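Here is the structure we will look at.
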Amino acid sequence: GAQPFDQVPGEWRAGWLNLYHFWKEGGFHNVHNIMASKFQRFGPIYREKLGVYESVNIISPRDAATLFKSEGMLPERFSVPPWVAYRDYRNKPYGVLLKTGEAWRSDRLTLNKEVLSPQVVDSFVPLLNQVSEDFVQRARAQVQKSSRERWTADFSHELFRFALESVCHVLYGERLGLLQDFVDPEAQQFIDAVTLMFHTTSPMLYVPPALLRHLNAKTWRDHVHAWDAIFTQADKCIQNVYRDIRLQRKSTKEHTGILFSLLMQDKLPLDDIKASVTEMMAGGVDTTSMTLQWAMLELARSPGIQERLRAEVLAAKQEAQGDRVKMLKSIRLLKATIKETLRLHPVAVTLQRYTTQEVILQDYRIPPKTLVQVGLYAMGRDPEVFPKPEQFNPERWLVMGSKHFKGLSFGFGPRQCLGRRIAELEMQLFLMHILENFKIETKRAVEVGTKFDLILVPDKPIYLTLRPL
Ligand code: HEM
Ligand code: 2DC
């Protein structure tokens, strides 16, 4: 029979002492490396306690499969304490991100129809395509300005704006104009607020919400201000759409945005719609932009792969005669490139679930209500799972024997990323247009590492060059 829970290796007895050590090792920016070295030390499963939070950590796709197959109808992940604390402190409703139980499920089912279902996803293509085309136009203008036939920069701010413009176009059916020279300062404030919100979350990650609210630490105050700015700005966007409907300025013919559809459907109370739309607007900035930045860096470092990818895109373009929906169906290598980018550079360091029944992981009995984390970053770099893990090799996804529970970047099952289809389309279209128009280059020498800032981000600025073909 399987071994009892208390035999699982790890240091889980002194939660506060562990948290202190964690903090001393610079753990707030290093969670991914600390986890990887714990798997080295303890093997494919270990138990841990940080502050009051206990977890079991796993790394193998087989264990991930066991966990997700037993997750049931109402899966729950680790609920980020500062996020919960803010909502309670300001009396703001939870959206799908933080809801649980049946309340989560009914919101989520309604949202899935408008955000994830194959029927609506095709209608996002023209909206997202327009934004990518504008990015190319902007890049060409920058090349002209530079007089050196190329544009070299740290693209993170450009990509933040691209990402916010993209997600807002599908959410609100409206353009913000963030790819022009003059950028609305309020939109810029929103972008800065999301980054600050993530940045101030990590030091408070293991402090219980009830404690946080009564804290007057600078990090907590900054965190509150960041969320305040996020909610205020999202609310303005939502009110705009609302007003357009009252004035009957929106027709139902074109795709008029996710928010419009949700309001017309009249299935969710306005406050719940607002909460989830705000979460999507905030969730749509740093995630796709950082992934695109990593993808461009990897392609700049592997000119051979970049050329093969460009060949695929140009062939697809020719065959589809410019029909982007059709084109998206024949770009296997590009889709594999995005998977490969997220393998090495996942947004989420772990996936987590609370077990609802006993499960057996690595021959240990894990009781119900245990927080189990899948070490996504560690798995992506584990040679047992991905041979030669350090090599950026998109083709591995096309030849891999079994992909079973290896491509988990957006999570799994009914609780997976709500923005997944938006994110994928947005990134596919962006890279398609870049590859059609520019060579992506970089200076070879600079090594870029990874930093945990709640999501995983580059630890230094990435300088890239776009050179017109
Ligand atoms: C949840 C990854 C982009 C909105 C998640 C989760 C992951 C993830 C791993 C947790 C899933 C789970 O527990 O199984 C990513 C990645 C992105 C991305 C890798 C892009 C590269 C986006 C975008 C949006 C978004 C663009 C908004 C449109 C959300 C929301 C949830 C979520 C609302 C919570 C869903 C729920 O609890 O029901 N994401 N995400 N994400 N994501 Fe994303
Ligand atoms: C952070 O230990 C590390 O997609 C914690 O778009 C466990 C954990 C729990 C939930 C994860 C979070 C980590 C990273 C960021 C994620 C989040 C769930 C959703 C969120 C992965 C791994 C994200 C970025 C959403 C954010 C939407 C928000 C801005 C409203």
Side-chain angles (χ1 to χ4, degrees), residues 27-28 31-32 34-35 48 50 53 55 57 64 67-68 71 74-84 86-87 94-100 104-105 107-109 111-112 114-116 124 128 163-164 166-168 170-171 193-195 197-198 201-202 204-206 226-227 230-231 234 258 275-295 338-339 341-343 345-354 371 373-377 407-428 452-457:
F28 295 134
V31 172
H32 52 300
I34 293 178
M35 277 192 88
E48 154 168 273
L50 289 172
Y53 298 103
S55 67
N57 296 270
L67 178 69
F68 287 119
E71 72 176 2
L74 306 171
E76 276 179 39
R77 74 171 78 84
F78 179 65
S79 191
V80 176
W83 298 355
V84 174
Y86 171 81
R87 306 283 172 112
Y94 298 176
V96 273
L97 178 71
L98 299 177
K99 278 193 182 184
T100 56
W104 166 77
R105 188 168 169 79
D107 281 21
R108 178 74 203 223
L109 289 175
L111 286 163
N112 283 349
E114 304 301 329
V115 183
L116 266 185
F124 297 159
L128 293 168
L164 182 59
S166 292
V167 75
C168 286
V170 294
L171 284 176
V194 176
T195 305
M197 180 280 288
F198 281 130
T201 303
S202 55
M204 302 187 293
L205 193 53
Y206 303 109
W227 274 121
I230 291 169
F231 273 91
I258 292 166
S276 285
V277 166
T278 303
E279 288 169 358
M280 285 191 273
M281 187 173 164
V285 183
D286 296 47
T287 49
T288 52
S289 58
M290 288 302 168
T291 309
L292 285 173
Q293 212 180 6
W294 283 121
I338 294 170
K339 275 196 183 173
T341 302
L342 285 165
R343 173 182 72 81
H345 313 288
V347 170
V349 63
T350 65
L351 304 173
Q352 331 79 42
R353 290 294 183 266
Y354 287 95
L371 178 65
Q373 305 208 71
V374 181
L376 205 56
Y377 177 89
L408 289 173
S409 316
F410 290 96
F412 178 84
R415 192 109 211 192
Q416 70 179 277
C417 177
L418 176 62
R420 175 178 192 158
R421 296 292 174 234
I422 296 174
E424 287 173 342
L425 270 183
E426 179 186 319
M427 296 191 291
Q428 289 160 10
F452 176 80
D453 230 355
L454 196 79
I455 60 170
L456 295 173
V457 297

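Keep in mind that what you see is a predicted model, and the values were worked out from it rather than measured. Indexing begins at 1, ligand by ligand and atom by atom, following the structure's order.
Considering only non-hydrogen protein atoms, atom 8 (C) of ligand 2 sits nearest to Gln352 NE2, 3.3 Å. Annotation: atom 40 (N) of ligand 1 to nearest protein heavy atom, Cys417 SG, 3.1 Å. Atom 11 (C) of ligand 1 has its closest protein heavy atom at Arg415 O, 3.5 Å. Of all protein heavy atoms, the one lying nearest to atom 3 (C) of ligand 1 is Thr287 OG1, 3.4 Å. Protein heavy atom nearest atom 17 (C) of ligand 1, with residue, atom name and distance: Phe410 CE2, 3.4 Å. Regarding atom 2 (C) of ligand 1, its nearest protein heavy-atom neighbour is Ser409 O, 3.6 Å. The shortest contact between atom 14 (O) of ligand 1 and any protein heavy atom is with Arg353 NH2, 2.7 Å. The nearest heavy-atom contact from the protein to atom 21 (C) of ligand 1 is Thr291 OG1, 3.4 Å. The single protein non-hydrogen atom nearest to atom 27 (C) of ligand 1 is Met280 O, 3.3 Å, given as residue, atom name and distance.
At a distance under 4.0 Å, a protein heavy atom can be found next to atom 29 (C) of ligand 2. Distance check for atom 12 (C) of ligand 2: every protein heavy atom is found at 4.0 Å or beyond.
Contact annotation: for Leu351 versus ligand 2, there are no heavy atoms closer than 4.0 Å. At a 4.0 Å heavy-atom cut-off, ligand 1 does not touch Val115 at all. At a heavy-atom distance under 4.0 Å, no atom of Val31 approaches ligand 2. Using a 4.0 Å cut-off between heavy atoms, Met427 contacts ligand 1 through its side chain alone, with no backbone atom that close. Contacts of Phe412 with ligand 1, taken as heavy-atom pairs under 4.0 Å, involve the backbone alone.
Looking at Thr288 next to ligand 1, no N or O pair under 3.5 Å apart turns up. Polar contact with ligand 1: present for Arg108 (N/O pair, distance under 3.5 Å). Polar contact with ligand 1: absent for Val347 (N/O pair, distance under 3.5 Å). For a threshold of 3.5 Å applied to N or O pairs, the pair formed by Glu279 and ligand 1 contains no separation below that value.
Among Gly419, Gly95, Ala423, the residue whose heavy atom lies nearest to atom 24 (C) of ligand 1 is Gly419. For atom 24 (C) of ligand 2, the nearest non-hydrogen atom from the set Leu418, Leu205, Thr287 belongs to Thr287. Taking all heavy atoms of Pro346, Ala423, Gly283, Cys417 into account, the minimum distance to atom 26 (C) of ligand 2 is reached by Gly283. Taking all heavy atoms of Ser276, Ala295, Gly284, Gly283 into account, the minimum distance to atom 22 (C) of ligand 1 is reached by Gly283.
Of the listed residues (Val457, Leu342, Leu456, Thr341), just one forms a side chain to side chain contact (heavy atoms under 4.5 Å, CB included) with Trp294, and that residue is Thr341.
Near Leu454, with a cut-off below 4.0 Å to any heavy atom, the atoms of ligand 2 are 1 (C), 14 (C).
Using bins of under 30°, 30° to 60° and over 60° for the plane-to-plane angle, the ring pair Tyr377/His32 lands in the perpendicular bin.
A heavy-atom separation below 4.0 Å is not found between Arg420 and ligand 1.
Taking each heavy atom of Met281 and Cys168 in turn, the nearest pair found is CE-SG, 4.0 Å.
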